[in-house]
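Each chain gets a letter, A, B and so on, in the order its sequence line appears, and its residues count up from 1. Just so we're clear, the structure is a prediction, and the values are computed from it rather than from any experiment.
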4 protein chains.
Amino acid sequence: MPETSNRKEREKIQHRNEILDAAEEVFAEKGFHRTTVEDIASRAEFAVGTLYKFFPGKEELYQKLIEMRCVQLRDEVLAAMDKHSDPGAIIKSFIDTKIQLFKKYYSFARLYTRERLGDRFTDSDLWWKIAAPLFDEVYTRLEQVFKEGIEQGLFRDDIIPWDMTIALDNLTDGFMFQSLMFPDKLSFESKFETMVRLFFDGVSKNK
Amino acid sequence: MPETSNRKEREKIQHRNEILDAAEEVFAEKGFHRTTVEDIASRAEFAVGTLYKFFPGKEELYQKLIEMRCVQLRDEVLAAMDKHSDPGAIIKSFIDTKIQLFKKYYSFARLYTRERLGDRFTDSDLWWKIAAPLFDEVYTRLEQVFKEGIEQGLFRDDIIPWDMTIALDNLTDGFMFQSLMFPDKLSFESKFETMVRLFFDGVSKNK
Amino acid sequence: MPETSNRKEREKIQHRNEILDAAEEVFAEKGFHRTTVEDIASRAEFAVGTLYKFFPGKEELYQKLIEMRCVQLRDEVLAAMDKHSDPGAIIKSFIDTKIQLFKKYYSFARLYTRERLGDRFTDSDLWWKIAAPLFDEVYTRLEQVFKEGIEQGLFRDDIIPWDMTIALDNLTDGFMFQSLMFPDKLSFESKFETMVRLFFDGVSKNK
Amino acid sequence: MPETSNRKEREKIQHRNEILDAAEEVFAEKGFHRTTVEDIASRAEFAVGTLYKFFPGKEELYQKLIEMRCVQLRDEVLAAMDKHSDPGAIIKSFIDTKIQLFKKYYSFARLYTRERLGDRFTDSDLWWKIAAPLFDEVYTRLEQVFKEGIEQGLFRDDIIPWDMTIALDNLTDGFMFQSLMFPDKLSFESKFETMVRLFFDGVSKNK
DNA sequence: TATGAATGAGTATTCATTCAT
DNA sequence: TATGAATGAATACTCATTCAT
């Protein structure tokens with residue numbers, strides 16, 4: 001009997017994930033407003049009613065989706081950074097991991113870049129209560145890395161750690177945006193070197 | 001009689017601009033989808049029907065608004081850059097002008113950062129036919145500046161002009177985003193020096 | 001110009017009343033839940049959207065309808081009672097007026113008897129905030145009449161005025177219910193005499 | 001084996017009654033439309049599917065519930081009346097029994113007063129085929145009692161037996177309604193005397 | 001037999017757009 | 001020309017019912 005219960009439990013989680021995956025795809029393709037619940041349901045091969053067994057509404061489904069991916073991203077980024085101890089290596093690994101995740105969660109990347117500053121994200125609790133604290137963990141970690149780099153004499157001592165953090169994240173995001181919007185001119189991956197060099201040349205003490 | 005016609009003509013343009021200004025405010029506050037035509041009409045102190053005398057629909061009103069501001073931005077940015085001949089000075093003036101325009105067109109800045117990658121912007125012709133070509137003009141100009149800087153031996157010869165263009169624009173945008181989303185941690189204006197230094201230190205030949 | 005404004009204003013009120021009348025008919029026929037907004041709209045010969053210009057929703061439309069009729073009923077019942085000074089005559093006029101109003105507002109009578117104790121009526125503010133205070137005015141008036149009748153030695157001094165009020169109202173309602181539910185066995189109107197006699201025989205001092 | 005079959009049979013009836021009891025409670029609390037099958041199932045501590053083993057649908061469950069209670073009420077009312085032979089005593093026992101049943105079947109009383117004239121009750125066969133014939137049995141019995149009272153010279157000979165029947169039932173119902181809707185002003189039970197006196201004073205020959 | 005996950009038809013509500021005045 | 005009342009297509013959400021396990 002626990003066997004059956006486990007299977008059912010696993011199936012339920014599986015179905016929930018199928019719905020989230022379908023939603024991610026459709027939201028990425030059409031944006032939040034142009035996506036109908038019917039769209040998601042048929043993509044997931046469920047009836048609309050079934051979606052409402054798992055999520056109270058379209059809005060909450062969207063939020064859970066964003067939250068889930070943000071948690072994954074934070075976890076994977078921090079895990080990757082924790083494998084290194086040298087500030088330079090940590091930052092390189094941050095950039096590298098963002099690229100990997102961009103490819104791994106391509107639909108989400110599109111969704112995120114789409115909605116990042118849309119009304120869904122900025123106004124609601126989604127940003128302030130869910131995403132921002134997760135971002136903040138990564139930002140705080142990066143800020144710390146810059147501080148350590150300065151202390152260890154690796155980075156110039158006139159840089160402001162927080163500003164460098166913002167700059168680094170937006171630079172990587174910016175190349176991501178560009179590769180989505182000018183896909184012919186710029187492949188994100190190939191620019192790894194450009195970013196790293198630009199950034200380190202600006203930051204490092206002795207070049 | 002031409003007098004009358006002129007006054008009417010002027011009044012018409014005036015009304016059109018009032019509508020566009022109202023729309024900009026409301027779109028910036030609520031986003032495209034949550035803004036109703038009624039919202040815009042009452043903000044502009046016109047009847048809804050009147051809006052349809054000036055624009056064929058909500059979508060087109062939005063597009064004209066974006067287009068108008070993009071043209072203005074391009075014009076003002078290029079005009080500011082054209083006042084200088086030294087590559088370094090041109091780039092500094094680009095950054096400086098973005099900050100000025102951000103303040104001057106604050107509503108639009110909010111609207112733009114909001115919608116930049118939303119479905120309205122990316123999917124439709126709005127981006128590909130209207131905004132992208134205008135962006136491209138500025139980008140092409142910047143790329144040219146970097147090329148000249150390299151040729152004149154001011155910038156390192158291993159940088160890729162186009163990449164630097166993208167990096168520069170996204171770095172400034174990134175700080176703009178941040179100042180909107182973490183207004184307490186970061187005032188855009190005060191970061192001018194940070195950006196300039198970071199960028200030039202990474203790019204310049206002799207530091 | 002005030003002429004035009006007046007006509008428009010009058011037309012608007014007219015349309016609102018047309019919607020309320022249509023709603024009353026359909027609610028009386030099908031009950032609240034089985035009535036769709038589309039039903040009301042097509043009965044009123046308007047589009048659904050138009051209904052929402054006048055009322056925030058189906059629920060509120062229903063409430064306004066009940067409220068309007070309850071106010072009318074109170075006004076007409078009290079006005080009729082105020083034409084008399086003799087307690088017996090006042091009570092006869094109360095009964096008589098209820099019969100008249102039952103015929104005049106037949107749709108509402110059906111609606112009211114239908115919903116009187118349904119969940120719409122009893123749970124919500126509709127009863128406690130809207131209808132009950134109006135009922136109470138009439139009940140208080142009746143109670144007063146019974147008191148005066150006792151004081152004037154017309155009614156037995158062992159009756160309890162409030163109980164008589166309740167009894168009288170429910171007796172008349174009861175015959176109304178019956179005439180709706182057993183239309184063949186009982187016509188409400190023809191029972192005027194029965195009610196009056198039953199009631200006065202039970203209440204009057206000297207028969 | 002018949003033992004087992006009997007137990008199973010008994011269990012089945014037990015479960016059916018548990019479902020009906022749960023349904024009665026929830027319907028009384030929320031009304032027919034606002035009650036979901038899920039509500040009933042969880043109140044009865046069964047799965048929804050199980051309910052459909054016992055009843056073809058929500059509507060039929062509701063009807064069976066009403067029917068069952070109406071039959072019980074008829075049986076208990078008629079049984080109580082049959083214990084007496086004197087017309088006055090029979091009528092007193094009718095009133096008294098209604099009070100007892102109102103307390104005994106409080107949930108049903110709430111449900112009945114709620115739905116009595118709602119669309120479920122009046123439109124469908126529920127009223128005309130199920131409840132009305134049962135009511136009619138009691139009404140016919142009461143009518144007969146009034147006839148006998150007249151014949152025996154106990155009641156005035158100018159009363160109409162059927163009208164008195166209707167009046168009596170509605171008077172008791174009316175006080176029931178009131179005690180539900182103005183619970184502070186009127187406790188049904190305490191009004192027994194009032195009702196009896198009012199009614200008998202109106203009906204009896206020599207007062 | 002009992003379960004409860006899945007179904008999908010049905011409905012209230014919104015809002016861009018039209019057009020008679 | 002300007003108005004704003006009227007329109008109705010589009011869509012999120014509910015819940016009675018089914019059926020595979």
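Heavy atoms only, all atoms of each residue included: A:F46 and A:H15 are closest at CZ-CG, 3.6 Å. Across all non-hydrogen atoms, the minimal contact from C:F108 to C:C70 is CZ-SG, 4.4 Å.
Following rounding to the nearest Å, D:F54 (CZ) and E:dA2 (C1') show an atom-to-atom distance of 10 Å. Rounded to whole Å, atom P of F:dA5 lies 7 Å from atom NZ of C:K8. One atom, CZ of D:F32, and another, P of F:dA16, lie 8 Å apart when rounded to the nearest Å. Here F:dA20 presents its P atom at 14 Å from CD of A:E11, a figure rounded to the nearest Å. In this structure, NE2 of A:H33 is placed 14 Å from P of E:dT14, rounded to the nearest angstrom. When rounded to the nearest whole Å, the span between CG of D:L61 and P of F:dT17 equals 10 Å. Distance D:R10 CZ to E:dT1 P: 18 Å, rounded to the nearest Å. What separates CG of B:L51 from C1' of E:dT17 is a distance of 12 Å, to the nearest Å.
Residues B:K58 and C:E60 both approach DNA chain E. Their nearest nucleotides, taken by heavy-atom distance, put C:E60 toward the 5′ side. Nearest-nucleotide assignment on DNA chain F puts the 5′-proximal partner with B:K12, out of B:K12 and A:G49.
Between D:T50 and E:dT3 there is a side-chain N or O to OP1 or OP2 distance below 4.0 Å. The shortest distance between the side-chain N/O atoms of A:H15 and the OP1/OP2 oxygens of E:dA6 is below 4.0 Å. Phosphate proximity of E:dT13 to C:Y52: present, with a side-chain N or O under 4.0 Å from OP1 or OP2. Considering only side-chain N and O atoms, B:K53 lies nowhere under 4.0 angstrom from the phosphate OP1 or OP2 of F:dA2.
In this structure, B:K58 contributes its side chain and B:F32 its backbone to a donor-acceptor pair below 3.5 Å. Side chain of A:E25 to backbone of A:A22: no donor-acceptor contact under 3.5 angstrom is found. Within the 3.5 Å criterion, the main-chain N or O of B:G31 finds a donor-acceptor partner in the side chain of B:T35. Not one N or O on the side chain of A:S42 forms a donor-acceptor pair closer than 3.5 Å with the backbone of A:E45. With D:K30 contributing its side chain and D:T36 its backbone, the two residues share no donor-acceptor pair below 3.5 Å.
Checked for salt-bridge contact, B:R43 and B:E29 meet the test: a charged N lies under 4.0 Å from a carboxylate O. Ionic pairing of A:K64 and A:E67 is present here: one or more N-O contacts between side-chain nitrogen and carboxylate oxygen are shorter than 4.0 angstrom.
Contacts with DNA chain E (heavy atom under 4.0 Å) in residues 38-48 of chain D: D:F46, D:A47, D:V48, listed by number.
Pairing analysis of DNA chain E (Watson-Crick: purine N1 to pyrimidine N3 plus N6-O4 or O6-N4; G-U wobble: N1-O2 and O6-N3; both under 3.5 Å) yields stems of 3 or more pairs at E:2-21 with F:2-21.
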